[in-house]
Amino acid sequence: MSKFSKVLCLTLALAMVCVCFAGCGGAKAGNYTAKNTEFVIGMSGPLTGPAAIYGIGVKNGAQLAVDEINEQGGLNGIKFKLEATDDMHDTKKVSTNYSSLLEKGMQVSLGCVTSAPCAEWTDLSHEDNVFFLTPSASNDDIPKYENGYQMCFADGNQGIVAAEYVNDNFKGQTIGIFYKSDDNYSAGIYNKFKDSLSKDVKTIDTVFTAANETSFDEQINKLKDCKFIFMPIYYTPASIFMTQAKGIIADDAVYYGCDGFDGIDKAEGFDITSIPQEVSMLSHFDSNATEGVAADFIKKYTDAFGTETLNQFAASAYDCVYALYGAMKKADVKDVTISASDLSDILQKEFTGGYAFENGVTGGGEPITWESTGYVNKKAIKFIIKEMDK
Amino acid sequence: MDFITTLINGLSIGGIYAMIALGYTMVYGIAKMLNFAHGDIIMVGGYTIYVFLNMTGHPAIAIITAIIFCLILGVTIEKVAYKPLRGASPLAVLITAIGVSYLLQSLAQIIFGSAPKMVTIFNFGTKNIGGLRIQISTIVTLIATIIVMIALSLFVKFTKMGRAMIATSEDKDATQLMGINVNGVITVTFAIGSSLAAIAGLFYLMKSPSLTNTLGSMPGIKAFTAAVIGGIGSIPGAMLGGFLLGIVECISYSIPVIAPYTDAIEFLILIVILLVRPTGILGKKRREKV
């Protein structure tokens, strides 16, 4: 090897080492807020891909709230700015999104829209102490650190609330359950549901897995005599199940889901009116509301973005921004360059100190509060997406 | 009664696995390669049906176009990606096949996006047969699969090309010496396998209306498992493996305690069969010359 080659190799090797270490430095919260001229709220969500209906809803809902707050003059004269990044519901993209948001001056966040990516966000934001209030990532472990809070019901709580409904209405009867055993969201709700279910209610449990999300003949066969089927799953497999069950499951049966059902009536290519059964879900938002704050929100949202992405995620994101604004207002935050970590300390003190968010779109007319665990306290409603054909 | 429904469901899904497994097993038997892009041909078939159904509104036109398109695609893939590697190490061919699989999935995602498309081809409804409430599409799938398999068996046994296929799978070099165009045989094999994949795509859409770019991945793996269980390279083996896997899957789903472990059980059966009969149930033992 010539001397020149040796020098060249050594230089290249050194350059590679430098590049490697450059990546390790990472983005530290606080470094990037010094030049902020607005309070920056970050979020990561599926803005494209199969779960885009959720991500776009959250982005639009949050943007609507930010625009309204800014129109009213912001907080102490300082305006807010929403920075949204696309994770395509892919956990691997979260780390990059998180770093880029920090670089854009993120001071507080809505975390991620869906649970699996948000689990990654939980760990990343804990290291830097960045406060997040997620509108929709409902896994029980999302608020496991002191900087994480939820605006939606945690999965476990959805299971408990659904079980209470079943205990009250189906005593002495047999209900069906259809859930996805290898999905944290579905299995999490199912386990809490079963734990909270009264012994007076019998169940026929059926499952599917990620490996078989398209053919449910056998599960439908098992559930064919049930008049109430609890389905803690997302709407795509639910819509396939309902399509395949036509003519086998009784027309007067009820399909009852959790927040994963949100958007089923707008799913591309699925005509919910072709399903004879009632389709309903446990929700914190009535998208058919005709009066009150929910109705106001629906009007504003549909005027700005249409009806396609109007769902409880959008409403929840709208509430998240107002809840953060309310808490910051209560703490009288005046410094636009405040670091994410300092703001997180302030917000944690507010959220654990009995802060109540009034007039929330998803509050059912009651104030929304939080437990020190990060779980939300608010009223659940049974929302009928589509009534039974009469 | 429930058990009979379970069996019918198992045979129906097993039929689809068998049809896909035939593609794997024929290509392996004749070209001695694992065509991992085979599952994705099902997806291409599904999207072709979706496009032409929307364009023309006639299911028959959409289905025939899908079969022809998949046939051409299968042959093109063979000519462009696999033929230049004939004689290369099996690993190179395997990696190329995986590459083709990802290429097809990515192209579908670019063209159609990743949001699921709902496709309704036929709406047969349900029927009460002897006290059993069964979807007609299940019966149609089962009958159509059996017809296709009988036709394929007759083709292989009684036509010149079919016999050339058997000869090529027995001994490629000797077949060539007998004046048979081995490359032509391989092309026909890919054409038949890809057409069967398109039909499997149709049956899949009849069962489940949701179409995504990864539609073929899991059925592809299950069908490959079925082909190995039955004895890869053996046409009756692929059918047997497909039906066996389908029935095991449905029985497992019908028993609540083991239902969450259905996939594990299916692959466990593969391991057990490979331990007991390494060549699969109907696989031939070959003497290796040293």
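Sequence lines set the chain letters: A, B, ... in the order given, protein chains first and strands last, and positions in each chain run from 1. Just so you know, these numbers come straight off a predicted model, no measurement behind them.
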Participant: Write down the atom of A:Val207, the atom of B:Pro260, and the distance for their closest heavy-atom approach.
Facilitator: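 Heavy atoms only, the tightest pair is CG2-N, 3.6 Å.
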
Participant: Answer yes or no: are there more than 12 heavy-atom neighbours, outside B:Phe36 itself, under 6.0 Å from its atom CZ?
Facilitator: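 Yes, because the 6.0 Å sphere around CZ of B:Phe36 holds more than 12 heavy atoms from other groups.
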
Participant: Please look at A:Thr209 and chain B and tell me whether the side chain, the backbone, both or neither of the residue comes under 4.5 angstrom of a heavy atom of that chain.
Facilitator: both

Participant: Is it true that atom NZ of A:Lys224 has more than 12 heavy atoms of other residues, nucleotides or ligands lying nearer than 6.0 Å?
Facilitator: yes

Participant: Just checking heavy atoms, which of residues 246-256 of chain B are less than 4.5 Å from chain A?
Facilitator: B:Glu249, B:Cys250, B:Tyr253, B:Ser254, B:Pro256

Participant: Give a yes or no on this: more than 12 heavy atoms of other residues, nucleotides or ligands lie within 6.0 Å of atom CG of A:Asp265.
Facilitator: yes

Participant: Given a strict heavy-atom distance threshold of 4.5 Å, which part of B:Tyr261 is in contact with chain A: side chain, backbone, both, or neither?
Facilitator: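 For B:Tyr261, there is no contact with chain A at all, as no heavy atom is under 4.5 Å.
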
Participant: Can you tell me how far the CE atom of B:Met118 sits from the CG atom of A:Asp271, to the nearest 0.5 Å?
Facilitator: 11.0 Å

Participant: Rounded to the nearest 0.5 Å, how far apart are CD1 of B:Ile4 and CG of A:Asn221?
Facilitator: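 Nearest 0.5 Å value for the CD1-CG distance: 11.0 Å.
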
Participant: For the backbone of B:Lys207 and the side chain of A:Gln244, can you confirm whether one donor and one acceptor N or O come within less than 3.5 Å of each other?
Facilitator: yes

Participant: Is B:Ile13 close to A:Asp217 at the side-chain level, that is, under 4.5 Å between some pair of heavy atoms?
Facilitator: no

Participant: I need the contact set between residues 40-60 of chain B and chain A: heavy-atom distance under 4.5 Å, sorted by residue number.
Facilitator: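 At a heavy-atom separation under 4.5 Å, chain A is reached by B:Tyr50.
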
Participant: Where along residues 176-183 of chain A does a heavy atom come under 4.5 Å of chain B, listed by residue number?
Facilitator: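 The list, in residue order, reads A:Tyr179, A:Ser181.
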
Participant: My understanding is that only residues two or more places apart in sequence, or in another chain, count here; which of them pass ring-ring contact (aromatic ring centres under 6.0 Å, His included) with B:Phe243?
Facilitator: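 B:Phe243: no ring-ring contact (aromatic ring centres under 6.0 Å, His included) contacts found.
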
Participant: So for A:Gln219, is it side chain, backbone, both, or neither that comes closer than 4.5 Å to the heavy atoms of chain B?
Facilitator: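 For A:Gln219, side-chain heavy atoms alone lie under 4.5 Å from chain B.
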
Participant: Looking at B:Thr6, B:Thr5, B:Thr262, which hits side chain to side chain donor-acceptor pair (under 3.5 Å) with A:Glu218?
Facilitator: B:Thr6

Participant: Heavy-atom cut-off 4.5 Å, strictly under: side chain, backbone, both or neither for B:Thr212 against chain A?
Facilitator: neither

Participant: Mark yes when over 12 heavy atoms from residues, nucleotides or ligands other than A:Phe270 sit less than 6.0 Å from its CZ; otherwise mark no.
Facilitator: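 More than 12 heavy atoms, drawn from other residues, nucleotides or ligands, come within 6.0 Å of this atom.
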
Participant: Using a cut-off of 6.0 Å, state whether more than 12 heavy atoms not belonging to A:Glu308 lie near its atom CD.
Facilitator: no

Participant: Do other residues, nucleotides or ligands put more than 12 heavy atoms under 6.0 Å from the NZ atom of A:Lys202?
Facilitator: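 Count not over threshold, so no.
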
